[in-house]
Amino acid sequence: MTARLTQEGPYRFRIEPTGEMRVPGVVFASRELLIEADQAVDQVANVATLPGVVEASYAMPDIHWGYGFAIGGVAATDPRQGGVVSPGGVGFDISCGVRLMAADIDDAGLRPVLQDVMNGLDPAVPRGMGRGAVWRLSGRQDMMGILTGGSRYAVERGHGDERDLLRCEDAGAVADADPGQVSDRAIERGSGQVGSLGSGNHFLELQRVAEVYDTAVAEVFGLRPDQICVMIHSGSRGLGHQICTDHVRAMEKSMARYGIRVPDRQLACAPLESPEGRSYLGAMAAAANYGRANRQLLAHAARQVFEKVAGARLDLVYDVSHNLAKMEEHPVDGERRLLCVHRKGATRALPPGHADLPDDLRDVGQPVLIPGTMSTSSYVLAGVPDGPAFYSTCHGAGRAKSRHQAARGVSGRELKARMERGGIAVRGASWRGLAEEAADAYKDVSAVIEAAEGAGLGRKIARLVPVGVVKG
DNA sequence: ATGTAC
């Protein structure tokens with residue numbers, strides 16, 4: 001399927017429904033950001049063919065090609081119209097997301113002890129392919145607690161403070177998790193990885209607040225100029241990956257039985273109201289809780305290093321997933337409907353006044369955490385009223401070069417030396433992994449943010465720059 | 001993203 005885009009706003013393009021498409025496609029981006037997104041735009045059109053899809057198949061400004069759905073894709077389905085859930089619309093790294101903590105020291109206070117803090121974090125933050133973990137599970141009971149209780153269970157077991165949970169999406173745990181739908185193999189893969197970064201673009205960074213665009217909202221979030229922050233990007237490791245694999249396979253087998261045909265095999269799906277659909281949703285929610293517990297443990301490990309080495313406290317700003325499907329109420333055709341909103345490489349961005357926000361954030365909107373690259377800015381946005389795309393925005397810079405291309409351009413050793421000359425401390429897991437994550441392998445995150453803000457998907461609150469990178 | 005294939 002070749003999709004044709006027509007511009008209908010400064011940062012809004014439309015794909016007219018043709019063929020099997022049930023709704024239009026809508027891509028929020030600038031012309032420049034779309035130049036190399038052809039395959040991903042085809043995927044936006046493919047998603048528009050899914051049974052029960054409502055309103056439009058959306059894409060965020062950092063859109064790029066992914067498994068079935070584009071990364072940066074958002075699509076909602078209605079169970080009352082035979083709507084489906086598709087694991088490809090969540091991604092292999094279920095509940096991958098970002099956590100931001102703010103320190104009670106500023107850049108000048110950190111500099112004298114920066115290397116000591118980095119040397120403390122280096123052994124305290126397990127990372128790299130297949131490696132784990134902060135928490136050695138004592139048995140099946142701990143795993144069940146994590147799968148149903150997420151960050152809440154981690155805090156109950158002493159890995160954090162009760163007040164952390166107020167600043168977690170879903171107060172730290174997704175409801176409706178069904179550990180019974182998680183395979184033994186997934187549990188086995190996940191049991192030695194609770195509290196580990198993983199590899200690829202996952203990281204723990206020390207960052208400095210370089211610019212504040214809205215002082216009042218930043219203050220509510222807990223951010224001020226020159227302050228040191230810790231940002232964590234990680235997900236559900238081998239457990240989420242195995243759950244995705246298991247349920248894609250089951251759905252591939254059941255699709256014919258439900259009379260579902262999709263233009264791409266990777267769009268395997270099942271009706272929300274079917275045993276296969278419900279089974280995936282229960283397992284996915286369990287993986288989401290694992291991902292949140294994982295970030296809670298990493299945060300707590302960083303907190304202990306900061307306290308011991310720098311005498312500094314870390315307060316949670318927010319924790320939000322950018323790979324998840326959630327049942328949410330949204331107005332469609334003037335009627336409030338319960339929809340399954342798939343966000344894959346897209347961040348939920350609740351507007352001011354939303355009932356699901358904690359009391360202290362309700363007047364200002366949800367903090368939206370957008371990591372850039374190891375050498376460029378990250379952003380904190382806030383959700384805005386009337387956000388299109390079911391209150392969603394972008395999730396990062398978006399890859400521009402393949403991993404192979406990136407590693408050909410620079411060696412890991414060269415890149416680390418270059419970053420350290422620029423004042424950024426680096427603790428990697430592998431030289432190859434470092435080279436693959438070079439900033440020039442990504443699009444310009446500032447252009448992505450400009451498009452997101454221009455399209456009305458969120459608004460800028462603060463810009464952060466890297467000071468130290470602990471890389472998976 | 002991922003014990004980079006079962």
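Below, each value reflects all heavy atoms present in this structure, side chains not excepted, and no hydrogens, waters or symmetry copies. In what follows, every chain begins at residue 1, and chains take the letters A, B, ... in the order their sequences are listed.
Heavy atoms of Gly91(A) sit nowhere under 4.0 angstrom from any nucleic acid atom. The residue Gly200(A) sits close only to the backbone: its heavy atoms come under 4.0 Å of sugar-phosphate atoms, none of a base.
Within 6.0 Å of atom CD in Glu36(A), 12 or fewer heavy atoms from other residues, nucleotides or ligands are found, so the atom counts as exposed in its surroundings. Remark: Arg261(A) CZ is loosely packed, at most 12 non-hydrogen atoms of other residues, nucleotides or ligands lying under 6.0 Å away.
For residues 32-62 of chain A, the set of pairs meeting the ring pair (Phe, Tyr, Trp, His ring centres under 6.0 Å) definition, not counting sequence neighbours, comprises Phe28(A)-Tyr58(A), Tyr58(A)-Phe390(A).
For His395(A) (side chain) and Gly345(A) (main-chain N/O), a donor-acceptor pair under 3.5 Å exists by modelled atom type. Side-chain N or O atoms of Lys443(A) include none that pairs as donor or acceptor with a backbone N or O of Arg399(A) at under 3.5 Å.
Of the residues in residues 187-195 of chain A, Arg189(A), Gln193(A) come within less than 4.0 Å of DNA chain B through at least one heavy atom, sorted by number.
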Using a cutoff of under 3.5 Å, can you pull out all pairs of nitrogen or oxygen atoms linking the protein to nucleotides 4-6 of chain B, with atom names and distances?
none

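Under the side chain to side chain donor-acceptor pair (under 3.5 Å) criterion, Arg303(A) pairs with Asp164(A), not counting sequence neighbours.
One atom, OH of Tyr290(A), and another, P of dT2(B), lie 10 Å apart when rounded to the nearest Å. Asn323(A) has its CG atom 11 Å from the P atom of dT2(B), to the nearest Å.
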In a table with atom names and distances, give each donor-acceptor pair under 3.5 Å that connects a side chain of residues 173-184 of chain A to protein atoms at least two apart or in another chain.
| unit_1 | atom_1 | unit_2 | atom_2 | d |
| --- | --- | --- | --- | --- |
| Asp178(A) | OD1 | Gly180(A) | N | 3.1 |
| Asp178(A) | OD2 | Gln181(A) | NE2 | 3.3 |
| Gln181(A) | OE1 | Ser279(A) | OG | 2.8 |
| Ser183(A) | OG | Ala186(A) | N | 3.1 |
| Ser183(A) | OG | Asp246(A) | OD2 | 2.7 |

Contacts under 3.5 angstrom, residues 451-463 of chain A side chains, donor-acceptor by atom type, not counting sequence neighbours:
| unit_1 | atom_1 | unit_2 | atom_2 | d |
| --- | --- | --- | --- | --- |
| Glu453(A) | OE2 | Lys460(A) | N | 2.9 |
| Arg459(A) | NH1 | Asp214(A) | OD2 | 2.9 |
| Arg459(A) | NH2 | Asp214(A) | OD2 | 3.2 |
| Arg463(A) | NE | Glu211(A) | OE1 | 2.9 |
| Arg463(A) | NH1 | Ser377(A) | OG | 2.9 |
| Arg463(A) | NH2 | Glu211(A) | OE1 | 3.1 |

